[in-house]
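Here is the structure we will look at.
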Amino acid sequence: MKHWFSISLSLAVLLSAKVLAQNLVPITFNPALVQVQTGSDILFTVEIGSAVFSMTWTYQTGDTLGLWTQNGPSDNNVPQFQGRITISATQLRIRAAQLNDAGFYTVEVVPSSSTGFVKNSKSVELKVFDPVVGISLSVPSVAVEENNVSLSCTWTGGTEVTAQWKKDGTTITPNSRITISGGSLVINPASRDDAGEYTCTASNNVSAQTSTKSLTVYCEFTLTKTRGG
């Protein structure tokens with residue numbers, strides 16, 4: 001009995017070693033992170049280092065989107081993606097991207113039996129953004145040295161938007177006088193040297209818009225004299 005158990009255990013170890021020795025079919029996504037704007041096509045491209053028997057695509061919700069085999073593709077008509085999916089031997093295409101399409105997509109690849117590889121799976125992340133639109137930069141019509149001067153950069157659309165500021169083509173660095181908070185730039189107190197051309201660029205990972213305005217900083221004495229006639 002003990003001898004039989006020893007043989008069984010040895011066989012189990014050998015079988016486990018054989019399974020571990022099998023090579024997982026290599027899968028590479030290109031690009032490794034997919035980023036698109038709403039309304040555009042989403043394209044997942046896989047590079048596989050062997051002949052493929054089948055590929056199955058799933059979304060992070062657990063829904064199986066579709067399958068590709070050597071006999072051709074099939075679409076599972078998942079409600080969220082219905083009418084938008086095309087599957088080929090190397091790609092999953094989803095038309096007209098929506099914000100709620102963002103997340104992780106997984107492909108499971110079953111290689112042809114003659115390759116010596118075993119099935120493998122890999123996931124890729126999709127990020128979807130509304131593009132930046134409607135940027136506008138506001139500067140004060142009258143800015144006086146030694147006073148507080150505020151510039152405002154706004155946009156009417158876009159998700160995960162950040163703003164970058166430049167003066168005369170050079171990036172503005174916050175300091176004891178200059179405060180930047182998103183689309184707001186405050187200079188306090190202003191000096192004559194702050195006059196120039198200001199540029200605000202609102203951007204996210206897939207789009208950008210820029211607006212430029214000139215700022216004139218007046219000497220308080222000159223402005224008072226002008227107003228007094």
Excluding sequence neighbours, so at least two apart, what forms side chain to side chain donor-acceptor pair (under 3.5 Å) with Gln164? Thr162, Ser203

Residue pairs fulfilling salt bridge (Lys or Arg N to Asp or Glu O under 4.0 Å) with at least one residue in residues 47-67, sequence neighbours excluded: none

Any side-chain heavy atom of Val34 sitting closer than 4.5 Å to one from Leu43? no

Separation between CG of Asn30 and OG1 of Thr28, rounded to the nearest 0.5 Å: 8.5 Å

So side chain to side chain donor-acceptor pair (under 3.5 Å) across residues 114-127, not counting sequence neighbours, yields Thr106-Ser123

List, by chain and then residue number, the residues other than Val110 in its hydrophobic cluster (Ile/Leu/Val/Met/Phe/Trp/Tyr, side-chain heavy atoms under 4.5 Å); write none if there are no others. Phe53

I need the Cys153 SG to Leu185 CG distance, nearest 0.5 Å. 10.0 Å

Do any pairs count as a salt bridge (Lys or Arg N to Asp or Glu O under 4.0 Å) and have a residue in residues 170-188, sequence neighbours left out, and if so which ones? Arg177-Asp194

For the residue pair Ser54 and Gln70, establish whether any side-chain heavy-atom pair is separated by less than 4.5 Å. no

Should Leu67 and Pro73 count as side-chain neighbours, where that means a heavy-atom distance under 4.5 Å? no

Output the distance between atom CG (Asn76) and atom CG (Leu65), rounded to the nearest 0.5 Å. 7.5 Å

Which residues pass the side chain to side chain donor-acceptor pair (under 3.5 Å) test with Thr38, not counting sequence neighbours? Asp130

For residues 65-89, the salt bridge (Lys or Arg N to Asp or Glu O under 4.0 Å) pairs (sequence neighbours left out) are Arg84-Asp101

Suppose the criterion is ring-ring contact (aromatic ring centres under 6.0 Å, His included): which pairs have a residue in residues 82-137, not counting sequence neighbours? Phe44-Tyr105, Tyr59-Tyr105

Any Asp41 side-chain heavy atom under 4.5 Å of Ile94 side chain: no

Output every pair passing ring-ring contact (aromatic ring centres under 6.0 Å, His included) with a member in residues 150-208, not counting sequence neighbours, ordered by first then second residue. none

For Arg95, give me all partners under salt bridge (Lys or Arg N to Asp or Glu O under 4.0 Å), at least two apart in sequence or on another chain. none

Quick one: do Leu99 and Val78 end up in the same hydrophobic cluster if we chain Ile, Leu, Val, Met, Phe, Trp and Tyr together by side-chain heavy atoms under 4.5 Å apart? yes

Verdict with supporting geometry, Ile172 and Ile180, side chain to side chain contact (heavy atoms under 4.5 Å, CB included): CA-CA 9 Å; Ile172 300 172; Ile180 297 175; 4.1 Å; yes

Would you please name every residue forming a side chain to side chain donor-acceptor pair (under 3.5 Å) with Thr64, sequence neighbours left out? none

Out of curiosity, does Leu137 fall in the hydrophobic cluster containing Val217 (side-chain heavy atoms, cut-off under 4.5 Å, transitive links)? yes

Side chain to side chain donor-acceptor pair (under 3.5 Å) partners of residues 206-217, not counting sequence neighbours, each pair once: Thr199-Thr212, Thr201-Thr210, Asn204-Ser207

